Every structure is written in structure tokens, then in C-alpha cells.
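All remarks here apply to the structure that follows.
Note on naming: letters A, B, ... go to the chains in the order of the sequence lines (proteins, then strands), and numbering restarts at 1 for each one. None of these values were measured; they are calculated from a predicted model. What's counted below: heavy atoms across the whole structure, side chains too, no hydrogens, waters or symmetry copies.
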There are 2 protein chains.
Amino acid sequence: MDKVEYGVLKLENQLCFPLYACSREIVKRYKPFLDKLELTYTQYIAMMVLWERKSVTVKELGERLYLDSGTLTPLLKKMEEKGLVTRMRSEKDERNLVVTVTDTGERLKERAVEVPLQIAGCTKLTAEEGMLLYELLYKMLGKQSSQGK
Amino acid sequence: MDKVEYGVLKLENQLCFPLYACSREIVKRYKPFLDKLELTYTQYIAMMVLWERKSVTVKELGERLYLDSGTLTPLLKKMEEKGLVTRMRSEKDERNLVVTVTDTGERLKERAVEVPLQIAGCTKLTAEEGMLLYELLYKMLGKQSSQGK
DNA sequence: CTCAATTCAATTGAGTACAATTTATTATAG
DNA sequence: CTATAATAAATTGTACTCAATTGAATTGAG
């Protein structure tokens, strides 16, 4: 009767913590594979959008990745230096900066396809559990799942 | 027949991405509440361990939070400056640094209990979904769930 | 038209993360 | 006992992450 409901403050009773820890652990699992491509994890997911779209504005990329220009501007400048993308102001609206994959960036895609395959072997979840986790995470993110691809 | 299996490289087919995005979004949801306590998210989870254990070494704290001394040393120094913890070398083994909650740190616990309650209202998942997500994340982290608390 | 509001990137500053190295301390093989 | 190995923090350097601010370009109300 002395202690109140401090149980809610225990780390093991938090949902946020395994989410935070798991996210970082997964990024670490990607590292050895991404090192071979000389990409960081953030650069990798940015390239995923670019391989799919060819050209996007910083704003669109940010909406897709949940990142803002504070993160993306320096990231994209490094990717430009590496020759993976070009950065150019839109002619229609010069406030927009258009990022486009170069041929070098496009060629990297061929080596990158191996990454998801190699990572799949490191996962401790079954396919069904992975699917379920996917659905729950997107629900938590507040978006409709686009699983039915 | 021209395109190969590039579908594996689509952002929407990744499990890692919603994990990464969700983790950051949740930390953002905590921010307004943690701001009132003048804690960052990382400081908050470190305090959770300390509220539970009273005293831990940097090594133990790191194992619990999946963080290393490179992250924890500056974090704990800031927490010491704020008067939340003390940092002292262990007498038994001076390689170990023992972190202990101060009275100020202990008092913060009383205000912190509100945080999980207020966050709970922001979640888009049902209790069952939350539990399921929790189990899946711990399985992915490669630890046995300690849910049966 | 024209100036105030809006939009988009860039910048700034604080705070992590983490790999790799260094330093101090303790354990251990010979 | 002593040189070596192992361990724990701290340090260093790179790379995000994000809130807040700034500045240039565009929009829109009057």
C-alpha cells in the first residue's frame, strides 16, 4: 500500500522501448551488407525511393521517409558527391529541389538486390510473424497498409 | 521478362523501414511530455532503469538499453550536471563506474508516472495488438519475452 | 499589381548512435 | 611475481535526427 503504480515506469512494461531497441538492432544487422555498397542505412532507404521513382523532390522524399530537410539536405549532398544522384532546382518552381538518380546510382541497384535476400536469413521471425509485425507497425504509424501489392 | 526481382528493393516491401520510422515517430510523440520533465527520450529510459535498480554500472545499463559507453558517457554526464544521478568508480573494481539516482532523480519519478498514461491515449493499437507487437519485437530482438510479470 | 502569408530548402545547434581506439585497472598464465 | 590478456569507460570521428530559424520563391487577398 506504500508504493503506487510505478510498474508503468518499468522498462519491460513499455512498448516504445523494444521498438526503439529493435529498430537500432536491425539497422546494425544491415551494416555489414551496406558497407559493401558504401551506403549508410539512411542513404539506402533514400536510394530505394529513388530507384523506384527516378526523380523526387526533397519534400516528397521526406514525406516518404518521415525525414525533414535538416536530415536530408546533408545526406543528399553526400550522395551527390558520391555520384549517386544529382540535385537541381525545379524549373517550374525554384523552391523545389529535384533529386535524380544517376547511371552510377542506377547500377548500384543491381548489387543492392542482394541485401534484402541476405537480411532475410538473419530474421528470427516466421513469414507470418513478419507480415503481422508489418501490419501492426503501419497501423501504429497511422497509415493504411499497402501490403496487397 | 526484362526486369528482374527488383520488387524486393521497394520500400513498401521492407520490414525494417516501418520499424525504423515507427520508432522515431513514437519518440516524437513522447517529446512534449518529456519536455516538461526536461528529459530526452534516451535519458528517460536510462532513468527507468535507475528508478528500478537505484544503482547500476555503465556496463549493466548499456546491456539493458542496448547502448555503449560512447552514447552513455556523455548522456550520464549531462544527467549528473542536472543533479539526477551521481557517477562514482566502484571501490571493488575501479574499472566500473557506478551510476546512482539522487533524491532529485527519485522525486522526478513521481512526475514521470504520468507519461506512460498520457502516451497510452495516443496509440492507435488496441491492448491486444499492443501485446502482440510487444511479443513480436522481443522475439525479433532475440530475447525471451518477460511479459509474464 | 503588391505586399503579406505560405512554402520549401538550407542552416544552426543540441543530442544521440556507434565503430574504433585509448587508457586505466584487474585477472591470469607461466 | 610478472608480463600479458581481458575488461570497462572514456575519447574520437562520422553520421544521423530533429526543432527552430532563415532566406528565397511563390501564392493569394485586396
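Rounded to an integer number of Å, the gap from A:Leu65 CG to C:dA9 C1' is 16 Å. When the P atom of C:dT16 is taken as reference, atom NZ of B:Lys31 falls 11 Å away, rounded to whole Å. The OH atom of A:Tyr41 sits 13 Å away from the P atom of D:dC16 (whole-angstrom rounding). Remark: P of D:dA9 and CG of B:Leu72 are 9 Å apart, rounded to the nearest angstrom. For the pair A:Leu39 CG and D:dT14 C1', the computed distance is 16 Å after rounding to whole Å. Taking atom CG on A:Leu34 and atom P on C:dA17, their separation rounds to 19 Å, with Å as the unit. Distance NZ (A:Lys28) to P (C:dA20): 12 Å, rounded to an integer number of Å. Straight-line distance from the OH atom of A:Tyr20 to the P atom of C:dT16: 9 Å, rounded to whole Å.
Listed pair A:Gln43 / D:dA15 fails the phosphate criterion, with no side-chain N or O lying under 4.0 Å from OP1 or OP2.
Across all strands, B:Thr40 comes closer than 4.0 Å only to sugar-phosphate atoms, never to a base (heavy-atom distances). Using a 4.0 Å heavy-atom cutoff across all strands shown, A:Thr42 reaches sugar-phosphate atoms only and no base atom. Residue contacts for A:Leu67: at a heavy-atom cut-off of 4.0 Å it reaches the sugar-phosphate backbone alone, with no base atom in range.
Listed by residue number, B:Thr73, B:Lys77, B:Arg87, B:Arg89, B:Arg95, B:Asn96, B:Leu97 are the residues of residues 73-98 of chain B with a heavy-atom contact under 4.0 Å to DNA chain D. Within residues 47-62 of chain B, the residues approaching DNA chain D are B:Thr57, B:Val58, B:Lys59, by heavy-atom distance under 4.0 Å.
Residues that satisfy the side chain to side chain donor-acceptor pair (under 3.5 Å) test with A:Asp35, not counting sequence neighbours, are A:Lys31.
In this structure, D:dG28 and C:dC3 make a Watson-Crick or G-U wobble pair, each of the two defining distances being under 3.5 angstrom.
Within the 4.5 Å cutoff, the side chain of B:Gln118 has no heavy atoms near those of the B:Tyr30 side chain. Two residues are said to be in side-chain contact when any heavy atoms from C-beta on lie closer than 4.5 Å; B:Gln43 and B:Leu34 fail this criterion. No side-chain heavy atom of B:Leu137 sits under 4.5 Å from any side-chain heavy atom of A:Phe17. Between B:Leu67 and A:Arg24, the closest side-chain pair of non-hydrogen atoms falls below 4.5 Å.
Comment: B:Arg53 engages B:Glu60 in a salt bridge, judged by a side-chain N to carboxylate O separation of less than 4.0 angstrom. The pair A:Lys28-A:Glu25 counts as a salt bridge, with a side-chain nitrogen and a carboxylate oxygen less than 4.0 angstrom apart. Using a 4.0 Å cut-off between charged nitrogen and carboxylate oxygen, A:Glu129 and B:Lys139 count as a salt-bridge pair.
Ring geometry for A:Tyr44 against A:Trp51 counts as perpendicular: the plane angle is over 60°, on a 0 to 90° scale with 30° as the lower cut.
When distances are taken from the side chain of A:Thr71 to each of C:dC18, D:dA10, D:dC16, the shortest belongs to D:dC16. For B:Asp68, the side-chain atoms get nearest to C:dA19 when compared with the rest of D:dA10, D:dA19, C:dA19.
At least one donor-acceptor pair under 3.5 Å links the side chain of A:Thr102 to the backbone N or O of A:Leu84.
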